[in-house]
Amino acid sequence: MISAMFFARPRKSRRGVSPKETLTQLLWISGIFFLCYSGFAGSENQPSQAICLEYQWDPSCPPRGRNPLYLASWNNHYALKTNKYLEGFIDLEQGPNGALRFSDAMTLTAVFQVAKQWPMKSALISKWGWLPGQASYELGTTRDSRVYFQISPTGNPEEAVELLSKEAVEKETPVVVTAVFDPSKRITLYVNGKKKAEETRHIPDRCHNGSAPVKLGLRFEGLIVKIRMSDRALQEDEIARLHNQFSALLPTGVPCKNWTTMKREVLRNEPAYLGTTKGVRLFKEIDILPYKGSYLCPGDLDNDGRIDFLLYKNGNTYTVPGRLTAIDFDGNLLWEKGDLSLKEHEKCGSANVGEKGTTPALRGIATIFDIDEDGKNEVICELWEENRPMLYILDGATGQIRHGIPSPLSMDIRQPKILGGRQSSRSHPVIRIAYLKGRQQPPSIILKYGASNGLACHAFALDSRLNRQWHIEATSNSMGHVPTVADVDNDGNEEIVLGHMVADHNGRVLWDKGLEFGWHADTTEVAAWTDGGDKQILISVCGTGPVYCLDWRGRIVWQKSREEISHGQAVWVGNFLEENDGLEIIACASGHSGQFVTLRGSDGQTLAGFEHKKQLPAYPDFPQVVNWKSTQIQSLWIPQDRILVDGAGRVIAELGEQDAYVQEKLRCGTSWRPVGAQAFALDILGDEREELILYEPYEGQSIFIFSNPDSEQTLKKYVPQPAAYNIRSYF
């Protein structure tokens, strides 16, 4: 059961609290409320009454919120089971009537069990916030599993006072931790009722009373069974009694993996609106029911000046297209190749040779581009044939083979014998088009293979006849999932930001930060923050974070902390906040849950933070930058929410009354890889703004094209755009 004990005394900073008011404000957290008095005697200089809130969970009162932690059970015991990849948390806001806005004395207690400590701080209780000036207090564990307690008197993290326990807490062992702040006197940490650290010098006389919400379980991995928060500085005998009372809540000798995860309940909050548009306007729906659940590549296949689509399904276990289907703008079939009996994607992931894996497939190698510059577009793709991946250049209009070779990304790369012939999980082959020798020379084909730190990484450059130009082999974390093509050093030749590594036009590695940055890069981006300024490189690091900004020589310009961005799933660049000068960066800060932070491009300063309004039970998938209002102002399409937002998460436009129909046809979140309404942002209607092309790669039955409401909706001659041929999405 989650419960709340509330004790009140008059305070200048708080108004009185009635049981009815408290009940109302706690319903969204708990569902059950009761009022009682503290059993602890007050000290000589403290009244006996105090504000005290306790939180505990069971099936009758499961955790709730926009992205809550999971409830888990073991032998009639219940606890919150957290996992960094689930990226959930409990949002207590400020507590009933602001009761958790402690500015004076406080005591925080947590009963928990650590399953895994990531190389960053993991917060059990946090009132720290994303924005400058909002840090208050935080209790958690450090990267070496010691307990920390932070107090900021000013709201700025750099001015915080931190106390650390000398010893680490043991993994998979129940522990009761209590932190005490007695203003101007002491900050003390108790572990299992015993004092483990104390500081009595230079103690702040107050804690910053900021507006950041109180959250539980940020970045923590393990079990949380109880949280107690009081505005009294408890004494040692009281803390000893707390330990005796709480120590039996978690059974000993039961590792976290043995706890059974139960279903969670998710609350959805209404988004904030800017009211800048009336929504979107449907331009076209293309029925793809005969080929439903396909990855999508846009481009002019038949060279009639209209946008067409290559649809493909991954066959076998290696993220290689197995069936290719080309349709025109009206949905008419142009041609098909491959295994036409393939009705849905095969799965990829860790599996023996020839066996299906368990991890769902990601986008494979396929794109549409005039690679030989003859004025007609080709399809450049892999295709699984005769038990191996082939690389083809196909005529876009007919599908006839112009050139073909066994893919350089052979099975020796994807399933090397030294690893027992097994494929690494999350294999991700990617194709890019790059002008390695300037725009006056023909472009090259770049193939990249990475597999989430599981295998050595490889990159190849090929010409328009598939002749090899260069090959790079690197460490398992040198290359990321979403590379970027750009002329980073302004020499007229495009370079490849492969992840933690940058290669020049000759295949020479300019630098490789793989060993320094650790885990692979999820995404990369290149931007100049001022007109005519030097380009800088953004790298978002999977698993451990953070986001780095570097110059083209590999020198760090600025970086965020791993506490701020614990899993840098993706970064996007644009003018997302009209009221601010320059470009901003929106970073998916917490991996797979969809917490976003907006940063100033020039120095990385945090400007805003927001979250998904809806939660599908898996990926946040990949938002898309859209020139929706103009080419000078960018918005971000959030696939899960099916809305366009600015850099503060305020809604620019939504699907409105068409949302339910789109959801019905795209079946977002219903597949074995639940993703949202994926989007391409392309200018196809001729007013320089971009349209939204929506699809869903696993169950989607239609392709939708939406325009701005005031668009004349006149189709113009299609011009190839990097967003179409250098696709920046897993899906």
Side-chain angles (χ1 to χ4, degrees), residues 266 268 271 279-298 307-314 321 323 325-331 342-345 347 360-364 366 570 592 594 612-626 628 635-645 651-682 684 690-708 723-724 727-731:
V266 178
R268 311 198 192 283
V280 300
R281 182 180 175 191
L282 180 62
F283 174 64
K284 190 175 185 65
E285 178 187 356
I286 303 170
D287 181 14
I288 58 168
L289 184 60
Y291 326 108
K292 74 169 188 173
S294 296
Y295 293 118
L296 188 68
C297 290
I307 192 169
D308 306 309
F309 301 98
L310 175 71
L311 312 175
Y312 64 95
K313 300 180 186 295
N314 282 338
R323 175 180 179 177
T325 303
I327 62 172
D328 68 12
F329 183 70
D330 295 316
L342 192 63
K343 301 300 182 184
E344 61 183 16
H345 301 287
K347 297 181 180 181
L362 303 175
R363 179 180 284 275
H592 300 167
H612 280 155
K613 307 301 184 295
K614 301 175 182 177
Q615 290 294 338
L616 299 177
Y619 254 63
D621 46 74
F622 268 80
Q624 175 70 47
V625 178
V626 187
W628 185 253
S635 305
L636 195 70
W637 171 256
I638 307 291
Q640 286 194 10
D641 297 342
R642 297 188 293 279
I643 55 177
L644 281 164
V645 301
V651 176
I652 301 297
E654 62 176 354
L655 300 183
E657 62 184 16
Q658 299 168 107
D659 184 73
Y661 180 69
V662 170
Q663 168 65 6
E664 175 188 347
K665 285 302 186 76
L666 296 189
R667 297 179 55 80
C668 303
T670 62
S671 68
W672 41 262
R673 168 57 102 191
V675 299
Q678 298 300 126
F680 285 96
L682 299 173
I684 62 173
E690 290 176 330
E691 284 66 56
L692 279 169
I693 301 175
L694 303 185
Y695 66 101
E696 198 279 346
Y698 299 116
E699 295 289 340
Q701 302 172 11
S702 293
I703 300 170
F704 291 96
I705 303 176
F706 286 98
S707 74
N708 206 286
I727 300 170
R728 297 181 55 81
S729 173
Y730 294 177
F731 307 111

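The figures that follow rest on heavy atoms only: side chains count, while hydrogens, waters and symmetry mates do not. As the structure is a prediction and not an experimental result, all values here were calculated from the model.
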#### Entry: Minimum heavy-atom distance Val625-Glu690, with the two atoms named
O-OE1, 4.0 Å
### Query
Atom CG of Leu289 and atom OG of Ser702: how far apart are they, to the nearest 0.5 Å?
8.0 Å
#### Entry: Shortest non-hydrogen contact from Ser635 toward Ile652
OG-CG1, 3.8 Å
### Message
Checking side-chain polar atoms at under 3.5 Å, does Tyr291 have a donor or acceptor matched by the opposite partner on Tyr312?
### Response
no
### Task
Drop me the distance from Cys668's SG to Asp641's CG, to the nearest 0.5 angstrom.
11.0 Å
### Task
Determine yes or no for a side-chain-to-main-chain donor-acceptor pair under 3.5 angstrom, with Asp328 supplying the side chain and Asp308 the backbone.
no
### Query
Do Glu699 and Lys292 meet the salt-bridge criterion of a basic N to acidic O distance under 4.0 Å?
yes
### Task
Determine yes or no for a side-chain-to-main-chain donor-acceptor pair under 3.5 angstrom, with His345 supplying the side chain and Gly293 the backbone.
yes
### Query
Nearest 0.5 Å, what's the CZ-NZ distance between Phe329 and Lys284?
4.5 Å
### Query
Can Gln658 and Leu282 be said to form a side chain to side chain contact (heavy atoms under 4.5 Å, CB included), step by step?
CA-CA 9 Å; Gln658 299 168 107; Leu282 180 62; 3.2 Å; yes
### Task
In sequence, state the C-alpha distance, the side-chain angles, and the governing distance for Val626 and Leu636, and then conclude on side chain to side chain contact (heavy atoms under 4.5 Å, CB included).
CA-CA 6 Å; Val626 187; Leu636 195 70; over 6 Å; no
### Query
Do the side chain of Asn708 and the main chain of Arg281 share a donor and acceptor less than 3.5 angstrom apart?
no
### Query
Side-chain contact, heavy-atom cut-off 4.5 Å: Glu654 with Val280?
no
#### Entry: Euclidean distance, Phe704 CZ relative to Leu694 CG, rounded to 0.5 Å
8.0 Å
## Note on the structure
So CZ of Arg728 and CD of Gln624: to nearest 0.5 Å the spacing works out to 9.0 Å
#### Entry: side chain to side chain contact (heavy atoms under 4.5 Å, CB included) evaluation trace for Ile307 with Ile693
CA-CA 11 Å; Ile307 192 169; Ile693 301 175; 4.0 Å; yes
### Query
Between Val675 and Glu696, what is the shortest heavy-atom contact and its length?
CG2-OE2, 3.5 Å
### Task
Output the distance between atom CG (Asp659) and atom CD1 (Ile643), rounded to the nearest 0.5 Å.
10.0 Å
### side-chain hydrogen bond (donor to acceptor under 3.5 Å, both in side chains) partners of Lys313, counting only residues at least two apart
Ser294
### Task
Using a strict cut-off of less than 4.0 Å between a Lys/Arg side-chain nitrogen and an Asp/Glu carboxylate oxygen, indicate whether Asp287 and Lys665 qualify as a salt bridge.
no
#### Entry: Flag for Tyr661-Glu285: side-chain donor and acceptor within less than 3.5 Å
yes
### Query
Could you go step by step and tell me if Thr325 and Leu310 meet the side chain to side chain contact (heavy atoms under 4.5 Å, CB included) rule?
CA-CA 6 Å; Thr325 303; Leu310 175 71; over 6 Å; no
### Task
Classify the side-chain pair Arg642/Gln663 by whether it contains a donor and acceptor separated by less than 3.5 Å.
yes
#### Entry: Closest non-hydrogen atom pair, Phe731 against Tyr295
O-CD2, 3.6 Å
#### Entry: Pairwise side-chain contact, Ile286 with Asp330, heavy-atom cut-off 4.5 Å (strictly under)
no
### Message
Using every non-hydrogen atom in the two residues, find where Ala679 and Trp637 come nearest and quote the distance to one decimal.
### Response
CB-CD1, 3.4 Å
### Message
Quick check on the 6.0 Å ring-centre criterion: do Phe622 and Tyr730 meet it?
### Response
yes
#### Entry: ring pair (Phe, Tyr, Trp, His ring centres under 6.0 Å) partners for Tyr695, two or more places apart
Phe680
## Note on the structure
Correct closest heavy-atom pair for Arg363 and Ile727 would be NH1-CD1, 3.5 Å
